[in-house]
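For reference, the structure discussed in these notes is given below.
Residue numbers begin at 1 in each chain, while the letters A, B, ... track the order of the sequences.
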2 protein chains.
Amino acid sequence: MNKLILLFMPKSADEKRIKILESAKRRFAHYGMSKTTMAEIAKDLSFSKALLYYYFPDKNSLYCAVLDYVITEQEEDILEKLKPINNTEKAIMIILEKRMEYIKRYYNLFEYTFNTSKDVPEDLGKVIICSFEKQHEQITSILKNGAKSGALVIDNYEETARLLLFSLMGMRLIVIKDLKHSFFPTKEEFDAILEMQKKMAQIFIKGLSA
Amino acid sequence: MNKLILLFMPKSADEKRIKILESAKRRFAHYGMSKTTMAEIAKDLSFSKALLYYYFPDKNSLYCAVLDYVITEQEEDILEKLKPINNTEKAIMIILEKRMEYIKRYYNLFEYTFNTSKDVPEDLGKVIICSFEKQHEQITSILKNGAKSGALVIDNYEETARLLLFSLMGMRLIVIKDLKHSFFPTKEEFDAILEMQKKMAQIFIKGLSA
DNA sequence: TATTTGACTAATTCTTTTAAATATTCAAGA
DNA sequence: TCTTGAATATTTAAAAGAATTAGTCAAATA
């Protein structure tokens with residue numbers, strides 16, 4: 001199975017592969033997975049459809065690669081912003097803001113991930129879980145720093161990080177869930193969710209304070 | 001429109017109406033809304049199908065009435081348990097335990113409510129929102145008591161209550177969401193969710209402490 | 001040998017039709 | 001005011017066919 005090989009191939013490996021990723025990213029981010037065809041992606045680049053299959057074994061792998069690509073971009077972005085920060089609350093706020101920024105920008109890309117509950121293809125599941133674990137590690141690490149500096153008292157870092165993460169993700173989920181109207185939340189709705197997440201996180205962190 | 005009249009009619013109004021509610025409750029709780037037919041409910045009682053329509057204008061109204069019936073039962077149950085409690089954390093723990101108990105018992109009844117996101121019929125939406133608001137008020141009241149006793153410091157009761165509620169509901173949602181396997185979470189999974197909710201609520205309340 | 005393609009096949013989704021199940025109505029009786 | 005059997009109206013389910021889209025491959029190119 002060469003899916004994994006392609007999926008985890010270093011990005012510099014092939015110029016054309018990146019072209020495809022970028023093009024697919026634009027389509028997926030705008031129209032979502034199901035409303036984007038391989039033919040369209042190929043046409044955008046004036047490639048043949050068959051060429052896409054030379055670089056990616058199937059559509060799902062391409063989608064996963066794009067998702068992974070964006071998630072990595074996001075992670076690096078966050079990591080960069082986090083460098084000078086040594087305050088727990090500020091760090092969490094930055095994470096929340098950045099994540100919301102990416103969710104807004106790539107909503108339809110992620111949307112497939114949100115709504116597909118049952119029967120997640122093998123490798124998509126891997127990407128999602130991997131992303132979750134990266135987030136989890138990040139928050140764990142932030143909590144550890146907070147404890148090391150004496151600001152927080154935490155008995156189980158990983159569990160506490162998971163609690164916070166679940167609360168925040170769940171909060172987003174539950175708000176987006178009952179937006180009756182349209183497919184795409186408005187800017188105001190995104191902002192409202194972010195505000196709630198921030199306030200909730202602040203209380204949570206205060207609850208861990210020494 | 002006599003739906004509302006029937007929906008909010010005092011329960012003692014009609015013996016037979018209760019019979020129908022109870023019977024429908026059993027069916028809905030076990031098989032869910034869509035897998036329960038009016039004919040089955042009627043047959044359970046040896047009533048004619050048409051009689052159901054004498055007491056309830058349509059299936060959805062019956063479902064709503066059952067939901068309301070169970071929610072009211074739950075609210076009263078919780079209120080009773082809460083009477084002797086004057087500690088914020090204990091109060092929230094009791095609410096969480098009771099709610100989980102009801103969710104377990106009536107899972108398929110609520111399941112329709114959880115999964116139906118778009119196109120919620122008018123009156124079902126009312127019942128759901130009403131239930132949410134009752135929960136919200138309850139937590140608001142508990143927080144107010146905590147503040148009055150000097151244990152908590154809260155600037156905006158309603159907002160804070162909503163934050164807690166969203167976190168807890170969201171946490172349940174997100175965990176149940178990615179239970180790949182079956183339709184019905186296992187007892188262990190329910191317990192795991194409850195444990196997370198409890199821990200999360202404890203930290204949250206500590207975060208509000210004076 | 002590594003890429004690239006047009007033309008082909010396979011799988012999936014979308015429509016339409018029809019049949020069956022189920023909800024809902026109603027005239028008439030108790 | 002209740003209650004029912006029988007009739008009608010809606011909704012769902014299944015089947016069939018058409019259309020779209022995913023995926024393959026032998027041959028061409030560089």
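Closest to the Lys59(A) side chain, of the nucleotides dA22(D), dA2(C), dG6(C), is dA22(D). Here the nucleotide nearest the side chain of Leu51(A), chosen from dT4(C), dA22(D), dT3(D), is dT4(C). Across dT4(D), dA22(D), dT22(C), the shortest atom-to-atom separation from the side chain of Thr37(B) is found for dT22(C). The side chain of Ala50(A) lies closest to dG6(C) when the candidates are dG6(C), dA23(C), dT3(C).
We find that CZ of Phe56(B) is positioned 13 Å from P of dT24(C), with the value rounded to whole Å. Rounded to whole Å, atom C1' of dT24(D) lies 13 Å from atom CE of Met38(A). A straight line from OH of Tyr63(B) to P of dT24(C) spans 15 Å, rounded to a whole angstrom. One interatomic measurement links the two molecules: CG of Leu52(B) to P of dC26(C), which rounds to 17 Å at whole-angstrom precision. Rounded to a whole Å, the NZ atom of Lys19(B) is 11 Å from the P atom of dT3(D). Spacing between atom OH of Tyr53(A) and atom P of dG23(D) amounts to 4 Å, rounded to whole angstrom units. The distance from atom CZ of Arg17(B) to atom P of dT3(D) is 14 Å, rounded to the nearest whole Å. In this entry the distance linking CD1 of Ile20(B) with C1' of dT4(D) reads 14 Å, nearest Å.
At a cut-off of 3.5 angstrom, the base of dG23(D) holds at least one donor-acceptor pair with the side chain of Lys49(A).
Within a 6.0 Å sphere centred on OH of Tyr31(A), other residues, nucleotides and ligands contribute 12 heavy atoms or fewer.
Along DNA chain C, the nucleotide nearest Lys35(A) and the nucleotide nearest Phe47(A) are compared for position; the residue whose nucleotide lies closer to the 5' end is Phe47(A).
In this structure, Thr36(B) reaches the sugar-phosphate backbone alone: every heavy-atom distance under 4.0 Å involves primed, P, OP1 or OP2 atoms, never a base.
Separating the CG atom in Asn60(B) from the CG atom in Leu124(B) is a distance of 6.0 Å, to the nearest 0.5 Å.
Contact of the Gln135(B) side chain with the Glu75(B) side chain is registered, since non-hydrogen atoms from C-beta on lie closer than 4.5 Å. Residues Tyr107(B) and Phe190(B) are in side-chain contact: their nearest non-hydrogen atoms beyond the backbone lie under 4.5 Å apart.
Each of Thr36(A), Asp44(A), Asn108(A) was compared with Arg27(A) under the side-chain hydrogen bond (donor to acceptor under 3.5 Å, both in side chains) criterion, and only Asp44(A) meets it.
A sub-4.0 Å separation between OP1 or OP2 of dT3(D) and a side-chain N or O of Tyr55(B) is present.
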